[in-house]
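None of these values were measured; they are calculated from a predicted model. To find a chain, count down the sequence lines: A is the first, B the second, and so on, and within it residues start at 1.
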Amino acid sequence: MVGPRHSWAVSAADARALQRRLRERVIRGDALGPVAVVAGADVAFAGEEAVAAIVTLSVPALSLCEVVAARRRVAFPYVPGLLTFREGPALEAAFRRLRRRPDLILFDGHGLAHPARFGLACHLGLRWDVPAVGCAKSLLTGEVALERLGRRRGGHRAIRAEGEVVGAALRTADGVRPIFVSAGHRVSLATALRLAFRCCRGYRVPEPLRLADAAVALLKRRGGSVLAPEDLTPLLRFPRQRRAAARARARLDTPGTA
DNA sequence: GCGACAG
DNA sequence: ATCTTGTCGC
């Protein structure tokens, strides 16, 4: 594990100071090799405990490689903009358990599309020195003309904040609400969009994150922090034909603050 | 001071 | 994120 390390036990004020200091070290352009293994990281909460899971898949097949998880006592409240300080400890504990470092990690949250341009994907991507992309389900900052976003899968539209493009809304499947993609570390927005879209298999949420979400949900109800790839195989099925229903919903899309 | 506000 | 049943639409 390389990169900037600091304690997670900080105050909100110190957390913001750390963001301002560390954001300068984020590599914004493409500085990554071929992506043969992509990971998805997510966290669930059960009382005072955080359950994190990281799932790795092969590219381009998207077949399951590894599944690791860890539980940690929650020590930081949810504060918009400081999500990393709440989820970071558990995510990092899980990350340490990976046998093989992924070539890219998708996070459930923003990267540069963050008020300090240092969202979860920037922070952990930098800290672990792994190319990272932020894939959030709602907007935290900035504006995007969703009414001008194509309804079909692959359509995307820039997210602008304070005069600069910080990310993009991406239609990951026909007729579903878009997700918000932004560069985390070692990737350009164009590459982040391409890679995130490449991980989609018919559902709104990219496969790595969909499986990581299923993993934490399973561990939350089953307990423990150990699970095998087989536990997730039931979810590797492609979605049914639901185009019509999905298209109808797309016209009513109102993400951002859903 | 008044909203907005990843998960 | 989490608390929670049914329900609208394909």
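- Of the side-chain N and O atoms in Lys137(A), one or more sit less than 4.0 angstrom from OP1 or OP2 of dG7(B).
- Here the P atom of nucleotide dC5(B) and the CG atom of Leu139(A) are 8 Å apart, to the nearest Å.
- Other residues, nucleotides and ligands contribute more than 12 heavy atoms inside 6.0 Å of the CZ atom of Arg71(A).
- In terms of heavy atoms, Asp103(A) sits closest to Ala36(A) at OD2-N, 2.9 Å.
- Between Glu143(A) atom CD and dG3(B) atom P the separation is 19 Å, expressed in whole Å.
- Smallest separation of non-hydrogen atoms from Leu57(A) and Cys65(A): C-SG, 3.8 Å.
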Enumerate the protein-to-nucleotides 2-4 of chain C contacts in which both atoms are nitrogen or oxygen and the separation is below 3.5 Å.
residue: dT2(C); atom: OP1; partner: Phe45(A); partner atom: N; Å: 3.4
residue: dT2(C); atom: OP1; partner: Lys220(A); partner atom: NZ; Å: 2.9

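- Counting to the nearest Å, the C1' atom of dA1(C) and the CG atom of Leu82(A) are 16 Å from each other.
- Following rounding to the nearest Å, Leu140(A) (CG) and dA1(C) (P) show an atom-to-atom distance of 15 Å.
- Using a 4.0 Å heavy-atom cutoff across all strands shown, Leu91(A) reaches no nucleic acid atom at all.
- At whole-Å resolution of the value, CG in Leu83(A) and P in dA1(C) are 10 Å apart.
- Using a 4.0 Å heavy-atom criterion, one finds that Gly81(A) contacts the bases of the nucleic acid, with or without backbone contacts as well.
- With Phe95(A) as the aromatic partner, Arg127(A) does not meet the cation-pi criteria of under 6.0 angstrom to the ring centre and within 45 degrees of the ring axis.
- Closest of all the heavy-atom pairs between Leu91(A) and Ile54(A) is O-CD1, 3.8 Å.
- The aromatic ring of Phe180(A) is not stacked on the base of dA6(B), since the criterion of ring centres less than 5.5 Å apart with planes inclined by under 30° is not met.
- Counting to the nearest Å, the P atom of dC5(B) and the CZ atom of Arg16(A) are 16 Å from each other.
- Ring-plane geometry between Trp8(A) and Phe85(A) is classed as perpendicular, the angle between the planes exceeding 60 degrees on a 0 to 90 degree scale with a lower cut at 30.
- With rounding to whole Å, Leu120(A) atom CG is found 13 Å from dA6(B) atom P.
- Counting heavy atoms from C-beta outward, Arg23(A) and Leu126(A) have side chains that stay 4.5 Å or more apart.
- Put simply, Ser138(A) has a side-chain N or O that comes within less than 4.0 Å of OP1 or OP2 on dG7(B).
- As rounded to whole Å, 17 Å separates atom P of dA6(B) from atom CG of Leu112(A).
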